[in-house]
Q: 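This structure is in structure tokens; I'll ask about it shortly.
Every chain is numbered from 1, with letters handed out A, B, ... down the list of sequences.
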Number of protein chains: 2
Amino acid sequence: MTSTGTDASERLAARVRAAGLKVTDSRIAVFDAFRPGEHLDADAVHARVASVLPSTSRQAVYGVLGALSEAGLLRKIEPAGSPALYETRTGDNHHHLVCTTCSTVFDVACIVGEAACLTPSETHGFRIETAEVTFWGVCPDCSAGRASTALS
Amino acid sequence: MTSTGTDASERLAARVRAAGLKVTDSRIAVFDAFRPGEHLDADAVHARVASVLPSTSRQAVYGVLGALSEAGLLRKIEPAGSPALYETRTGDNHHHLVCTTCSTVFDVACIVGEAACLTPSETHGFRIETAEVTFWGVCPDCSAGRASTALS
DNA sequence: TCGCTTGTTTTGATTGTGTCAAAACAACTT
DNA sequence: AAGTTGTTTTGACACAATCAAAACAAGCGA
């Protein structure tokens, strides 16, 4: 594209370029689909992107999500029983709290300090690279009996 | 079935019955497919069961795995990027170490004590039920450059 | 031991999530 | 402005898993 973007778009474009990726409408639109704290699956992203760029295919969205994740601009998580989810908060090794009733995902800071998170008692000789922690429970809304059909 | 089982089969049959489930050949065979410490996917289980009971369908295996998991006789885990895996070690809240090269899964005792595992710093008002920890890294065999195509 | 009832398994179709390959296309470079 | 390279479209496909209905077997009571 050649149109002049907003401030936010310009900043994002710079990050995409810095990652060695070409700047395209789809990539900006995919990133713009996220609001802070949201965890979206490919379909939700496609729906939002398509409302701005109707010609965008689902496969393009998969491609962009993959490229941005690999570049470190998005983080991909795969909770059991759900399609893959993406979030914009990256690089801080945070964890997730998933509601077993409505599937809403919340971010949680690393629990007992990064060291403990990365140090199991027996390593079996593994060279450990990352630790992933997922908490399962019932969110306040579902606990209170409301909103048991929320989506994200 | 009416044949007399082995000691192990009898013990297992009793557990299945105690869980309120009917005792069937498939269920015994599925459980028997596991050796201690193994993590098998539905396909691997089906292959082993079929070598003993060739008429067993894949759907029967899915059904049995689901029933035994719900009864607490098997535990189901779903590491990102793999089909669901099942293991016979249940009830001890242990965690997993997954090799990013060969996908082998190892069990790990709970890291810093159960309390910490279940206590994120901010709970967002959640009623937390379980904590799931997955470590990703490279296993000794893959580190040494051998066996990079192992399965489980 | 014989049947009845209920739960299990088979069979076959179907869904959902995600991948692959080739052609059309657009961003960046010179 | 034209070329090169990387991106997106299009359409087919793979794979894990689920659903529904009919065939069947386990466990119960007579």
Side-chain angles (χ1 to χ4, degrees), chain A residues 1-5 9-10 12-14 16-31 40-47 49-50 52-71 73 76-86 103 151, chain B residues 1-5 9-10 12-31 40-47 49-50 52-71 73 76-86 103:
Chain A
M1 79 175 299
T2 46
S3 67
T4 307
S9 296
E10 286 303 335
L12 176 54
V16 171
R17 210 183 314 270
L21 298 169
K22 286 184 178 171
V23 176
T24 65
D25 281 359
S26 323
R27 286 174 176 172
I28 305 300
V30 163
F31 208 98
L40 304 179
D41 64 23
D43 226 49
V45 172
H46 179 242
V49 170
V52 178
L53 299 171
S55 74
T56 310
S57 66
R58 188 169 319 236
Q59 284 72 3
V61 171
Y62 277 112
V64 171
L65 290 172
L68 294 184
S69 298
E70 221 172 324
L73 298 178
K76 178 184 189 178
I77 63 173
E78 303 178 53
S82 302
L85 300 177
Y86 297 83
S103 299
L151 285 181
Chain B
M1 77 175 296
T2 47
S3 68
T4 308
S9 296
E10 285 303 334
L12 176 54
R15 295 182 64 193
V16 171
R17 211 183 312 270
L21 299 169
K22 288 184 178 172
V23 176
T24 64
D25 280 0
S26 323
R27 286 173 177 174
I28 304 300
V30 163
F31 208 98
L40 304 178
D41 63 22
D43 227 47
V45 172
H46 179 242
V49 169
V52 177
L53 299 171
S55 74
T56 310
S57 68
R58 186 166 319 222
Q59 284 72 3
V61 171
Y62 276 112
V64 171
L65 289 171
L68 295 183
S69 297
E70 220 173 323
L73 298 178
K76 178 184 190 176
I77 63 173
E78 302 178 53
S82 305
L85 300 176
Y86 297 83
S103 299

Q: Measure NZ/A/K76 against C1'/C/dT17 and give the value in whole Å, please.
A: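 So the NZ-C1' distance, A/K76 to C/dT17, works out to 10 Å.
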
Q: Quick test: give all pairs of protein nitrogen or oxygen and nucleotides 2-5 of chain D nitrogen or oxygen below 3.5 Å, distance rounded to 0.1 Å.
A:
from	atom 1	to	atom 2	distance (Å)
D/dT5	O2	A/K22	NZ	2.8

Q: Round to a whole Å and report the spacing from OH of A/Y86 to C1' of C/dG18.
A: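 In whole Å, C/dG18 C1' and A/Y86 OH are 9 Å from each other.
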
Q: What is the separation between atom CD on B/E78 and atom C1' on C/dT17, rounded to the nearest whole Å?
A: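 The answer, rounded to whole Å, is 14 Å.
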
Q: Run the side chain to side chain contact (heavy atoms under 4.5 Å, CB included) test against B/E78 and tell me which residues pass, sequence neighbours left out.
A: A/A80, B/K76, B/A84

Q: Would you check if B/S82 and B/D41 make a side-chain contact, meaning some heavy-atom pair closer than 4.5 Å?
A: no

Q: Expressed in angstrom and rounded to an integer, what is the separation of B/H46 atom NE2 from D/dA16 atom P?
A: 13 Å

Q: Report yes if some heavy atom in the side chain of A/V45 is under 4.5 Å from a heavy atom in the side chain of A/Y86; otherwise report no.
A: no

Q: Please find the pair of heavy atoms, one from A/V23 and one from A/I28, that lie closest to each other, and give the distance.
A: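 The answer is CG1-CD1, 4.1 Å.
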
Q: Quick one: B/Y62 OH to C/dT15 C1', roughly how many Å, whole number?
A: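 Rounded to whole Å, this separation is 13 Å.
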
Q: What is the distance, to the nearest angstrom, from the CD1 atom on A/I28 to the P atom on C/dA26?
A: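 These atoms are roughly 17 Å apart.
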
Q: Output the rounded distance in Å from CZ (B/R17) to C1' (C/dT8).
A: 15 Å

Q: Mapping B/A84 and A/L21 onto DNA chain D by nearest heavy atom, which one lands closer to the 5' end?
A: A/L21

Q: Could you tell me if the side chain of A/P79 sits less than 4.5 Å from the side chain of A/L85, heavy atoms only?
A: yes

Q: Donor-acceptor pair, A/R27 side chain versus A/K22 backbone, under 3.5 Å?
A: yes

Q: Between side-chain atoms of residues 53-61 of chain B and protein atoms elsewhere (two or more places apart, or another chain), which donor-acceptor pairs fall under 3.5 Å?
A:
from	atom 1	to	atom 2	distance (Å)
B/T56	OG1	B/L53	O	2.7
B/S57	OG	B/A60	N	3.1
B/R58	NH1	B/D43	OD1	2.6

Q: Residues in side chain to side chain contact (heavy atoms under 4.5 Å, CB included) with B/A47, at least two apart?
A: none

Q: Does C/dT9 have OP1 or OP2 under 4.0 Å away from a side-chain N or O of B/T24?
A: yes

Q: Between C/dT8 atom C1' and B/F31 atom CZ, what is the distance in whole Å?
A: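 Distance check: B/F31 CZ to C/dT8 C1' gives 19 Å.
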
Q: Of the residues in residues 52-60 of chain A, which ones touch DNA chain C at a heavy-atom distance under 4.0 Å?
A: A/Q59

Q: At their closest point, which heavy atom of B/A71 faces which heavy atom of B/L21, and how far apart are they?
A: CB-CD1, 3.9 Å

